[in-house]
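Please read the structure below before turning to the comments.
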Protein chains: 2
Amino acid sequence: MEDKAQIQEAIKIQGEVVRKLKSEKASKEQIDEEVAKLLQLKARIGGDDGKHQFVLKTAKGTRDYNPKQMAIRERVFNTIIGCFKRHGAETIDTPVFELKETLTGKYGEDSKLIYDLKDQGGELLSLRYDLTVPFARYLAMNKITNIKRYHIAKVYRRDNPAMTRGRYREFYQCDFDIAGQYDGMIPDAECLKIVHEILSELDLGDFRIKVNDRRILDGMFAVCGVPDDKFRSICSTVDKLDKMPWEDVKKEMVNEKGLSEEAADRIGEYVSLQGGMDLAERLLQDQRMSRSKQACSGLSDIKLLFSYLQLFQVTDKVVFDLSLARGLDYYTGVIYEAVLTQAGVAPAPAEAQNGAPAEESVSVGSVAGGGRYDGLVGMFDPKGRKVPCVGVSIGIERIFSIMEHKAEASAEKVRTTEVQVMVASAQKNLLEEKLRLITELWDAGIKAEVMYKKNPKLLSQLQHCEESGIPLVAILGEQELKDEVVKLRIVATREEVDISRADLIAEIRKRTSEA
Amino acid sequence: MEDKAQIQEAIKIQGEVVRKLKSEKASKEQIDEEVAKLLQLKARIGGDDGKHQFVLKTAKGTRDYNPKQMAIRERVFNTIIGCFKRHGAETIDTPVFELKETLTGKYGEDSKLIYDLKDQGGELLSLRYDLTVPFARYLAMNKITNIKRYHIAKVYRRDNPAMTRGRYREFYQCDFDIAGQYDGMIPDAECLKIVHEILSELDLGDFRIKVNDRRILDGMFAVCGVPDDKFRSICSTVDKLDKMPWEDVKKEMVNEKGLSEEAADRIGEYVSLQGGMDLAERLLQDQRMSRSKQACSGLSDIKLLFSYLQLFQVTDKVVFDLSLARGLDYYTGVIYEAVLTQAGVAPAPAEAQNGAPAEESVSVGSVAGGGRYDGLVGMFDPKGRKVPCVGVSIGIERIFSIMEHKAEASAEKVRTTEVQVMVASAQKNLLEEKLRLITELWDAGIKAEVMYKKNPKLLSQLQHCEESGIPLVAILGEQELKDEVVKLRIVATREEVDISRADLIAEIRKRTSEA
């Protein structure tokens, strides 16, 4: 019951919006969004032929994976899952949505990015924002006090997408967490070992894992003269240090957050420090820092952590970095973040061309992060019983982007199927014989294809093999049927050999065993 | 700012609702729902200790998967994916939500079960209801005219959950589809071959695959005297034949849908027919049926289909059944549905005890369904270009339920990790040595665990192995370190052998190679 004239007027106005944005050279994403609105309006009024016109797109900030992307995704997942399993993790799964109140009060400012479901009667639901809060809910609900689990699933954030840099509204997280009351820093060190193993194995170029501790940050704030109630707020300003220079961070602290210049300068000295076990040792002796009990227990733990990291042989990539803050509220101890340091491998930030701030490209490299959160499970337990947890989350979308770019640049073709053999015919009217043969192959576990045509040309059958990388063709003809053989063609060499029907399956297995 | 007194009043009323339901022996689900509402009210007012009380549950109709369930799920997926890959399918993925209008007009009456997202500004979105419509959208959007793909992902329906029977609001579908203009019935037959392979391999007991064709149904309705505009409506009544006896179906046709009794009786004769190729042949000769061109082309195709199914050697389980209708609007040709016929393996329908209709338990067995939908892609294409498609969807949740029950009943223990060896110590103060050893093992690709304690008891280390099925323990002690050996304990036999450090990795691989 829409008023056609009204919609036509809206289309006119929206058309002008788009033209204006284009003339102002607005960002591609902004233009795309307004164009989508325009198309939706046009769809409501119907196309020229009177049919309903669909806007053919995926939702903003999301994307499909085509078969080639899926092949790469499978490879990345296999590496990651392989590592998680090597470390003895079980896996769990939780629903894509949670009761809204399960997510309430866990993410601080970021809560505004949560997707809510429409109230259609019944419970109020939200899409999960990460896998950590559902994990904590799962532990409390099932009264589990120790578990080592991984969880690979999509999470949802109504953030500003930057898809060329691998930032989406629907994206995968690969989480590994260890819950339980254990001796200090052993599980924490294993999480870092895992990050090291995965990033090395994926071969994404050089990387660095920054480590810090929430207690060191809080202690540092205290001894630098930050008032208690400003800890969290100053902490999120420190968190911006990987995106903006100290001068700007200081300005924000003093001008916006009302910190004294003296206090800010003291913080500035500390957050410029980077090192290893030696730095932790030095800070334990530091006159000011040593006044904070909290900072001291954090520093002692950093020392212990590094001693385990030495045994795990991963200290080459790990840096104790006092500027690392991390945004999420729930961390209580050690925190860490892995960044790729080889800028070359990361996809070029296309937005920069459209006038987006160039410094953002610095943060392209962050691919994993995590830390200790000893209080989260207790927030769900009716009696507040705590379950100490530490974990790491691998940010897969960026890794996908890099792997995709690498695959495109490389000469090696990405196969999207695992077909070992194509059942083909050289003459007409052999469909039945081909179906009989492929049934034998399938039933023996051979991956095989046949064309869905009664009489396909031999050439088009061979072409399909070339295109999709199928290594073998089993060719049937009148003569082969009479001789009870199959002509086996090796696609790469174009060599052809007659194989008796009885030996065919063994022969195919032998010739594709390395694949 | 809620009025405490008001909420307390609401709690009182809700408490009475729950008591009333319990006294009336209402269904467990109804009671659970009202209890949840009560708990939510109580949560709003805060617990006794003044803390905010969470309702610790997953959203209605959803569930977590624990590690044991995940191990079973992985096994089932491996079988299904193995089959899809054997048949040369690629895979794709699509977002969990689509533009609302992408789903509009595809599901007929079932559209009311679609989950919508809240309008938070921007596009209107809905959770996907199946994987078929997103697949059609993907094909049209990318102008793909032929592909053979599988897609395994969760879909969402605001249906009445019946979780004990494997009916959830969030559930997996495993879809295999073939899109493209091909010679008749070859891809259709392959879909049935795939269902046959998967159900055989999963070993769920005996099954039957019912086959029919929308054109036969429509032709039958025409020759039986159903007015054109009542085809769909009468079709959904026929669809209920697996849940209620013919008498009731006829009553619905005559009394509710206004069909003449004569026409209903004619339909009744046809829908009682079951057979194979012979039945299709017989119906082609049938005086009344042969008057419909549509029915005849459907029947000829059924004959052709069966000839291919014979070559695929799957006719033992396939039945041409004229009562099969299937609910979804988009089917245009052959349709099919697989049912488990061995009632014993299915989980007992717990609801029946609470007064739910007993006849529903008949339909427990449906585990796969699909058909040909030649018009769906065209609905998305701006020029209406059609891409013929045929596919099958495996309904995994019921299969999970059955496998879980089987696993529980069997003596065999389900392992939730793949750990090959536990690194343990017999004496104190060997943590560093253990971490050194496990680093060697991890770096060699061995799946290994160590306890996160400085000085765990040997007994508790061995107990952990027994519990989680770890086959080997590598025990370090002062003597072993001096001798440069490791004591390797075989958990099953309690046998212990000294292995030199240099040979340890090879020895572990050898002893766990069959695992």
Side-chain angles (χ1 to χ4, degrees), chain A residues 53-56 58-60 62 64-67 70 85-86 88-99 101-102 115-118 120 122-123 125 138 140-141 149 154 158 170 182-183 186-187 308 311-313 380 382 384 416-419 432 435-436 439 442 445 447 449 452-454, chain B residues 51 53-56 58-60 62 64-67 70 85-86 88-99 101-102 115-118 120 122-123 125 138 140-141 149 154 158 170 182-183 186-187 308 311-313 380 382 416-419 432 435-436 439 442 445 447 449 452-454:
Chain A
Q53 294 283 308
F54 287 97
V55 184
L56 262 181
T58 60
K60 183 179 174 184
T62 70
D64 297 317
Y65 284 81
N66 66 33
M70 287 299 279
K85 285 189 173 177
R86 195 158 59 237
E90 309 178 292
T91 186
I92 68 161
D93 195 16
T94 65
V96 80
F97 44 66
E98 296 276 344
L99 296 188
E101 63 168 347
T102 297
Y115 277 97
D116 291 329
L117 269 72
K118 192 168 149 186
Q120 293 171 290
E123 301 160 336
L125 307 172
Y138 173 83
M141 193 172 132
R149 82 89 181 80
K154 288 176 179 172
R158 295 182 63 254
E170 173 187 63
Y182 298 122
D183 284 335
I186 314 177
Y308 295 144
L311 294 167
F312 286 156
Q313 305 197 332
F380 289 106
T416 57
T417 75
E418 298 170 12
V419 175
E432 294 203 356
L435 296 186
R436 232 187 284 277
T439 302
W442 283 335
K447 294 173 190 128
E449 269 193 307
Y452 302 124
K453 296 270 182 190
K454 278 189 184 159
Chain B
K51 271 196 203 163
Q53 294 283 307
F54 286 97
V55 183
L56 263 180
T58 60
K60 184 180 173 182
T62 69
D64 299 316
Y65 284 81
N66 66 33
M70 287 299 279
K85 285 189 173 176
R86 195 159 57 239
E90 310 179 292
T91 185
I92 68 162
D93 195 17
T94 65
V96 79
F97 43 66
E98 295 278 343
L99 297 188
E101 62 169 347
T102 297
Y115 277 97
D116 291 330
L117 269 73
K118 191 168 149 186
Q120 294 171 290
E123 301 159 337
L125 307 173
Y138 173 83
M141 192 172 133
R149 82 89 181 79
K154 289 176 180 172
R158 297 181 63 254
E170 174 187 61
Y182 297 122
D183 285 335
I186 313 176
Y308 294 143
L311 294 167
F312 286 155
Q313 305 196 331
F380 289 105
T416 57
T417 74
E418 297 170 12
V419 175
E432 293 202 359
L435 295 187
R436 232 187 284 278
T439 302
W442 282 335
K447 295 174 189 126
E449 268 194 305
Y452 302 124
K453 296 270 183 188
K454 278 187 183 159

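Lettering of chains follows the sequences in order, A, B, ..., and the numbering in each one begins at 1. Only heavy atoms go into these numbers, but all of them, side chains included; no hydrogens, no water, no symmetry mates.
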Item to check | Donor-acceptor contact present, side-chain R158(A) to main-chain Q120(B), <3.5 Å | outcome: yes
Checklist entry - Is any side-chain N of the basic residue among E418(B) and K85(A) closer than 4.0 Å to the acidic one's carboxylate O? => result yes
Item to check | Pair T58(A)-Y138(B), side chain to side chain contact (heavy atoms under 4.5 Å, CB included): steps then yes or no | outcome: CA-CA 9 Å; T58(A) 60; Y138(B) 173 83; over 6 Å; no
Next on the checklist: Test your reading of the model: is there a side-chain donor-acceptor pair from Q313(B) to the backbone of T439(A), 3.5 Å cut-off?
Outcome noted: no
Checklist entry - Between D93(A) and Y65(B), is there a donor-acceptor pair closer than 3.5 Å when you use the side chain of the first and the backbone of the second? => result no
Next on the checklist: Can you tell me which of E449(A), R149(A), E98(A) forms the most heavy-atom pairs within a distance under 4.5 Å of chain B?
Outcome noted: E449(A)
Next on the checklist: So for E432(A), is it side chain, backbone, both, or neither that comes closer than 4.5 Å to the heavy atoms of chain B?
Outcome noted: both
Next on the checklist: Go through it in stages, so that I can follow the logic: the residues are E170(B) and V96(A), the test is side chain to side chain contact (heavy atoms under 4.5 Å, CB included), and I'd like the CA-CA distance, side-chain angles, deciding distance and then a yes or no.
Outcome noted: CA-CA 8 Å; E170(B) 174 187 61; V96(A) 80; 3.6 Å; yes
Checklist entry - Is chain B contacted by the side chain of L125(A), its backbone, both, or neither, given a heavy-atom distance below 4.5 Å? => result side chain
Item to check | Residue part contacting chain A, namely of K154(B), when any heavy atom lies under 4.5 Å | outcome: side chain
Next on the checklist: Is any side-chain heavy atom of E101(B) closer than 4.5 Å to one of V55(A)?
Outcome noted: yes
Checklist outcome for this item: Per-residue tally against chain A (heavy atom, under 4.5 Å) across F312(B), Y452(B), Y182(B) peaks at Y452(B)
Checklist outcome for this item: Contacts of Y308(A) meeting ring-ring contact (aromatic ring centres under 6.0 Å, His included) (sequence neighbours excluded), chain-then-number -> none
Next on the checklist: Evaluate F380(A) against L56(B) for side chain to side chain contact (heavy atoms under 4.5 Å, CB included), listing each step before the verdict.
Outcome noted: CA-CA 7 Å; F380(A) 289 106; L56(B) 263 180; 4.0 Å; yes
Checklist entry - Would you say the side-chain atoms of D64(A) pair up with the backbone N or O of T94(B), donor to acceptor, closer than 3.5 Å? => result no
Checklist entry - So which of T62(B), T417(B), T91(B) has the biggest tally of heavy-atom pairs under 4.5 Å with chain A? => result T91(B)
Next on the checklist: Tell me every residue that passes ring-ring contact (aromatic ring centres under 6.0 Å, His included) with F97(B), counting only those two or more places apart in sequence or in another chain.
Outcome noted: Y115(A), Y156(A)
Next on the checklist: Shorter than 4.5 Å, heavy atoms on both sides: which option in D116(A), L99(A), I186(A) has the most such pairs with chain B?
Outcome noted: D116(A)
